[in-house]
Protein chains: 2
Amino acid sequence: MRIGELSRRTGVSVPTIKYYVREGLLPPGELTSPNQASYGEAHERRLRLIRALLDVGGLKVAEIADVLAAVDDRERPLHTVLGAAADRLGGADAEDDDAEAAAARAAVADFLSRRGWVTYESSPAAADLARALAAMARLGHGAFVEVLDDYADAAEQVARTDLAYVDRQVAVEDMVEGAVIGTVLGEAVLSSLRRMAHVDASARRYGADGPRERKRPPHGHAAHRE
Amino acid sequence: MRIGELSRRTGVSVPTIKYYVREGLLPPGELTSPNQASYGEAHERRLRLIRALLDVGGLKVAEIADVLAAVDDRERPLHTVLGAAADRLGGADAEDDDAEAAAARAAVADFLSRRGWVTYESSPAAADLARALAAMARLGHGAFVEVLDDYADAAEQVARTDLAYVDRQVAVEDMVEGAVIGTVLGEAVLSSLRRMAHVDASARRYGADGPRERKRPPHGHAAHRE
DNA sequence: ATCTGATAGATAGCGACACTATCCGCTATC
DNA sequence: GATAGCGGATAGTGTCGCTATCTATCAGAT
C-alpha cells in the first residue's frame with residue numbers, strides 16, 4: 001500500500017502522515033525505490049491508534065511518541081507500559097507550592113497508605129490528585145477529602161473491570177496495546193459516563209423539566225455567551 | 001484592594017488578570033477614579049476558581065467564560081448550570097462519520113434507554129462516549145461495550161457521592177459554585193484515582209517489582225524517549 | 001516515448017491559544 | 001514633586017498540531 005491509500009483508508013491527510021513519521025509516531029514505509037515506499041496493515045493500525053490517543057485521549061504528539069516507544073519495547077514489563085500510558089494522561093507540570101499544596105500532598109500520602117495502593121507517591125497521578133485537592137482547598141472545599149474513599153471505591157471497581165477486560169486478550173502483544181487503549185480511552189468513557197450520570201442524578205433531584213442548555217453550536221468553538 | 005495585591009495574593013500576574021478581565025472571566029474592579037480600581041474578596045475567589053478550572057479542569061478560557069456566565073445567572077436552574085459545566089469537559093467537536101461512529105451512536109442510545117438515564121441523547125457527553133466507543137471499535141475493541149455497565153455503575157456511585165457532597169452546602173449560591181467545582185475538579189480527582197488504581201491492580205497482577213518508569217523530567221514537557 | 005499524477009523529503013507558514021511586553025497618560029503617596 | 005503603581009490598549013511570544021509549497025523522482029497510462 002502506498003501513502004495515498006493509507007491516507008484514504010484512515011482519513012488522515014498525506015502531509016499529516018508524513019508529519020507523524022517525522023515525529024516518530026509512525027515508522028516510515030519500506031522504501032521500494034528512492035521515492036516510493038510501501039505501508040502495511042501495521043501502519044494502518046498504528047495510525048488509527050495515534051488518532052484515538054490524540055482525538056479521544058487528548059494526548060500530545062510528543063507524549064504519544066513516548067507511549068508508543070514503550071509499547072514497541074519488547075523488553076518492558078506490561079505493567080510499566082501501562083504506567084507510561086497512565087502517566088501521560090494528567091495535567092500540567094508546574095504549580096505554585098503553597099500551604100494548600102503541601103497539605104494536599106500529605107493527604108494523598110495518608111490516603112495511599114490507608115488504601116494500601118501500590119503506587120509510587122511521586123507518580124504523576126498522585127501529583128494530579130494532590131493538585132486537584134489543593135485547588136479544592138483553596139476554594140473552600142477542603143472537606144472534599146472526606147469523600148475520597150467513595151471515589152476510590154469506584155476507581156477500584158473500574159480498575160478491576162479493566163483488568164478483567166485486558167485479560168481476555170489471547171496474545172500478549174495484543175495485551176500491551178489493549179492495556180494502553182483501555183487506560184487512555186477508558187478514561188474518556190468513564191468521564192463521559194460520569195458527566196451523564198451527574199446530569200441524570202441532578203435533573204432528578206433539582207429539576208424535572210428537560211435540559212434548557214442549548215446544544216453546542218454547529219461547528220465553531222463556543223464563543224457565545226448564554 | 002488594588003490589582004497588585006490581588007496579583008500577590010493569588011499568584012496570577014497583573015497582565016494576566018487584565019487579560020481575564022478583557023476576556024470576560026473576571027468582572028472589572030470598581031473604579032474609584034479614572035485610573036484606579038478596587039477589587040474585593042469576590043474577585044480573589046473568582047480568580048482562584050478561574051485558575052482551578054484552567055489548570056486542573058483543563059477548560060479553555062472561552063469555555064470558562066461560558067461556565068461563569070451560567071454560574072452568575074441567577075435565573076438559571078441549578079442543574080442546567082451543572083450541565084453547562086459538564087458540557088465543557090469533553091473533547092473536540094468534529095470527527096469523521098463512518099460505520100463505526102454510527103454503530104457507536106446506536107450503542108449509546110441503546111445503553112441510555114436501558115439505563116433509563118435522563119439525558120438528552122445528543123448531549124456532548126453522549127457524543128464523547130460514542131466517539132470513544134467508535135475509536136475502540138476501529139481498534140478491534142468493539143467488545144468494550146460489554147463492560148459499559150460496570151463503568152456506569154461506578155459512574156452512578158460517583159454521581160451519588162457528588163450530589164450528597166453538594167447537598168451539604170448551606171447557601172444556594174454556594175451550591176451552584178460547589179456543583180461546578182465538583183463536576184470539573186471531581187473529574188480530575190476521579191481520573192487520577194483511576195490511574196493509580198489501575199497501576200496498583202496491574203502491578204499486583206503482572207509484576208511485583210517496583211515501578212521502572214522514570215518520573216517526569218524536572219520541568220520540560222516530555223521530549224525524551226524511554 | 002511521453003505525459004500525468006503521485007511520491008519522498010525538506011522547509012516555511014498558519015491558526016488557535018494563553019499569555020506577556022510595552023507604551024501612554026494618570027494618580028496615590030511618600 | 002519624584003516615584004512607584006495603575007487602567008487601558010496594542011502588539012508580540014511560544015507552543016502545538018498541522019498545512020502549504022517546493023524539488024526531484026518515479027509509476028503507470030497513452
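The sequence lines fix the lettering, A, B, ..., with proteins before strands; numbering per chain opens at 1.
- One can place CG of B/Leu26 at 15 Å from C1' of C/dC19, the figure rounded to the nearest angstrom.
- In this entry C/dA1 has D/dT30 as its Watson-Crick or G-U wobble partner, both defining distances falling under 3.5 Å.
- Taking side-chain N and O atoms only, A/Tyr20 has no distance below 4.0 Å to OP1 or OP2 of D/dG17.
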- Task: Run the numbers on B/Asp162 and A/Arg194 for salt bridge (Lys or Arg N to Asp or Glu O under 4.0 Å), then give the verdict.
- Result: CA-CA 10 Å; B/Asp162 281 342; A/Arg194 187 183 96 107; 2.7 Å; yes
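- Close placement of the A/Phe144 and A/Tyr151 rings is indicated, their centers lying within 6.0 Å of each other.
- Going from atom NZ of B/Lys18 over to atom C1' of D/dG5 covers 10 Å, rounded to whole Å.
- Between A/Thr16 and A/Pro34, it is A/Thr16 whose nearest contact on DNA chain D lies nearer the 5' terminus.
- Protein atom CD of A/Gln36 is 6 Å distant from nucleotide atom C1' of D/dA27, rounded to whole Å.
- Atom P of nucleotide C/dC19 and atom CG of B/Leu47 are separated by 11 Å, given to the nearest angstrom.
- Residue A/Pro28 is the one, among B/Leu54 and A/Pro28, whose nearest nucleotide of DNA chain C lies closer to the 5' end (criterion: closest heavy atom).
- Note: CG (B/Leu31) to C1' (D/dG5) measures 15 Å, nearest angstrom.
- Where A/Pro15 and B/Tyr39 meet DNA chain D, the nucleotide closest to each residue was compared, and B/Tyr39 sits on the side nearer the 5' end.
- Atom pair B/Arg2:CZ and C/dA28:C1' shows a separation of 6 Å (rounding to whole Å applied).
- B/Glu187 and A/Ser191 share a side-chain donor-acceptor pair at under 3.5 Å.
- The separation between A/Glu30 atom CD and C/dT7 atom P is 17 Å, rounded to whole Å.
- When distances run from any side-chain atom of B/Lys60 to the nucleotides D/dC26, D/dT19, C/dA18, the shortest one goes to C/dA18.
- Here B/Arg46 pairs with B/Asp72 in a salt bridge; the nearest charged N to carboxylate O distance falls below 4.0 Å.
- One can place NE2 of B/His43 at 14 Å from C1' of D/dG7, the figure rounded to the nearest angstrom.
- Sequence order on DNA chain C of the closest nucleotides to B/Tyr19 and A/Glu5 puts A/Glu5 first from the 5' end.
- Distances were taken from every side-chain heavy atom of B/Ser13 (C-beta onward) to each of D/dC18, D/dT19, C/dT20; the shortest belongs to C/dT20.
- Distances from the side chain of B/Asn35 to the nucleotides C/dC19, D/dG5, D/dC26 place D/dG5 closest.
- Under 4.0 Å is where a charged nitrogen must lie from a carboxylate oxygen, and between B/Glu41 and B/Arg45 no such pair does.
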